[in-house]
Amino acid sequence: MACTLEVLFAPAEFRGLAGRDLSKTTCVVFDVLRATSTFVTALARGAAAIIPVGEISGALAVRRQRPEVLLAGERAGHRITAAQTGGINFDLGNSPREYTAARVRGRTIVSTTTNGTRALRACAGAEAILVGSFLNLKAIVRALRDRQAESLLLVCAGTGEAASLEDTLAAGALCERLQRARVPLDFLDSAIIASRVYHSCARDLVGGIRAARNASHLLAQPALRADVRFCLQRDCFDVVPQLHPDPVGAITIPPR
């Protein structure tokens, strides 16, 4: 029987997951600019784990219990500072280019971002929660083909409370890759929409999202504009990070 394939485009949609039975559903979460791209990069470069939390206060609480962790995250696109925490500068922002092997290898990172961590937590109760990006599309396709899930849900983190073009494009790219891999799929209308949006921009992703809200914000800042091109690279890392269902909820790369 074909696996149903659905896409959620914005926070208003993924907040409704609390009322759904996800026990036979595999979720793939996209926050392309930039949280999931950063998580994929950090783990590919040797980070031990990432603990996503919704609020700055949650990150600080983990640091009090585990002083060895790195604090990471952003508000309005920028690294969280002492002025926002009451005295502690975060170690890292939300730019994947910061997450070098020298900086993160062997470390556990506690991360709080505007939308990405909310989207991940909204999938609680799913059979599996995978972290997706353009950077690891090929690896995600392989993992989904091997899992043979009954239901597949692609969750776009969005920008603020609205849908985001870059996450929709990534979801559409995954839909196309799964089709090409001949995974038996029953496309719901939302997956058809995402696929068609991706086709309209596939040859020039950077040009296609230049006017999008999140991309234009990053591109307008000299220190951050290179993140856009970095996050739109395809198939750079052969990793499939997964959010653990335990109360800590760390993201790691499971053994194959």
Do [X] and [Y] belong to the same hydrophobic cluster, where Ile, Leu, Val, Met, Phe, Trp and Tyr are linked whenever their side-chain heavy atoms lie under 4.5 Å apart, directly or via other members?
{"X": "Val29", "Y": "Ile253", "result": "yes"}
{"X": "Val69", "Y": "Leu43", "result": "no"}
{"X": "Leu224", "Y": "Val206", "result": "yes"}
{"X": "Val155", "Y": "Leu174", "result": "no"}
{"X": "Leu165", "Y": "Leu219", "result": "yes"}

Is atom [atom1] of [X] surrounded by more than 12 heavy atoms (other residues, nucleotides or ligands) closer than 6.0 Å?
{"X": "Arg15", "atom1": "CZ", "value": "yes"}
{"X": "Arg225", "atom1": "CZ", "value": "yes"}
{"X": "Glu55", "atom1": "CD", "value": "no"}
{"X": "Arg213", "atom1": "CZ", "value": "no"}

If we only count heavy atoms from C-beta on, is the [X] to [Y] side-chain gap below 4.5 Å?
{"X": "Leu8", "Y": "Leu17", "result": "yes"}
{"X": "Phe30", "Y": "Thr168", "result": "no"}
{"X": "Arg66", "Y": "Thr108", "result": "yes"}
{"X": "Ser195", "Y": "Glu176", "result": "no"}
{"X": "Phe134", "Y": "Ser37", "result": "no"}
{"X": "Leu152", "Y": "Leu178", "result": "yes"}
{"X": "Phe90", "Y": "Thr81", "result": "no"}
{"X": "Thr252", "Y": "Gln242", "result": "no"}

Between [X] and [Y], do the side chains contain an N or O donor and an N or O acceptor separated by less than 3.5 Å?
{"X": "Asp227", "Y": "Ser95", "value": "yes"}
{"X": "Arg75", "Y": "Thr112", "value": "yes"}
{"X": "Glu74", "Y": "Thr114", "value": "yes"}
{"X": "Ser151", "Y": "Thr4", "value": "yes"}

Audit row: Glu166, Asn214, side-chain contact (heavy atoms from CB on, under 4.5 Å) steps and yes/no: CA-CA 8 Å; Glu166 64 273 8; Asn214 204 0; 3.3 Å; yes
Within this structure, what is the [atom1]-[atom2] distance for the pair [X] and [Y], rounded to the nearest 0.5 Å?
{"X": "Leu33", "Y": "Leu232", "atom1": "CG", "atom2": "CG", "answer": "6.0 Å"}
{"X": "Asn115", "Y": "Arg34", "atom1": "CG", "atom2": "CZ", "answer": "12.5 Å"}
{"X": "Ile109", "Y": "Arg103", "atom1": "CD1", "atom2": "CZ", "answer": "9.0 Å"}
{"X": "Leu188", "Y": "Leu5", "atom1": "CG", "atom2": "CG", "answer": "7.0 Å"}
{"X": "Cys123", "Y": "Arg118", "atom1": "SG", "atom2": "CZ", "answer": "12.5 Å"}
{"X": "Ile56", "Y": "Gln84", "atom1": "CD1", "atom2": "CD", "answer": "5.0 Å"}

Sidechain-backbone polar pair: [X] side chain, [Y] backbone, donor-acceptor under 3.5 Å:
{"X": "Asp167", "Y": "Val32", "value": "yes"}
{"X": "Arg145", "Y": "Val183", "value": "no"}
{"X": "His217", "Y": "Ala212", "value": "no"}
{"X": "Asn136", "Y": "Asp238", "value": "no"}
{"X": "Gln233", "Y": "Phe230", "value": "yes"}
{"X": "Thr159", "Y": "Ala162", "value": "no"}
{"X": "Asp31", "Y": "Gly116", "value": "yes"}

Carboxylate-amine/guanidinium contact Arg79 Asp91, below 4.0 Å: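 No salt bridge links Arg79 with Asp91.
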Note: Asp235-Arg177 ion pair, threshold 4.0 Å (strictly below): yes
CA sep, side-chain torsions, deciding dist, call: Arg45, Glu98, salt bridge (charged side-chain N to carboxylate O under 4.0 Å, His left out): CA-CA 11 Å; Arg45 291 178 172 167; Glu98 293 181 71; over 6 Å; no
Exercise: identify the closest heavy-atom pair between [X] and [Y]:
{"X": "Val197", "Y": "Ser200", "value": "O-OG, 2.6 Å"}
{"X": "Val7", "Y": "Ala171", "value": "CG1-CB, 4.0 Å"}
{"X": "Leu243", "Y": "Pro52", "value": "CD1-CG, 4.0 Å"}
{"X": "Asn89", "Y": "Ala82", "value": "OD1-N, 2.8 Å"}
{"X": "Ala223", "Y": "Arg97", "value": "O-NH2, 2.9 Å"}
{"X": "Ile50", "Y": "Phe39", "value": "CD1-CA, 3.5 Å"}

Test side-chain contact (heavy atoms from CB on, under 4.5 Å) applied to Phe9 and Ser190, step by step: CA-CA 8 Å; Phe9 295 105; Ser190 56; 3.8 Å; yes
Criterion side-chain contact (heavy atoms from CB on, under 4.5 Å) against Val53, the qualifying member of Leu60, Thr117, Val110: Val110
Derivation and outcome, side-chain contact (heavy atoms from CB on, under 4.5 Å), residues Tyr198 and Leu205: CA-CA 9 Å; Tyr198 173 68; Leu205 289 176; 4.2 Å; yes
Steps toward side-chain contact (heavy atoms from CB on, under 4.5 Å) verdict (Thr25, Glu127): CA-CA 5 Å; Thr25 299; Glu127 183 177 34; 5.8 Å; no
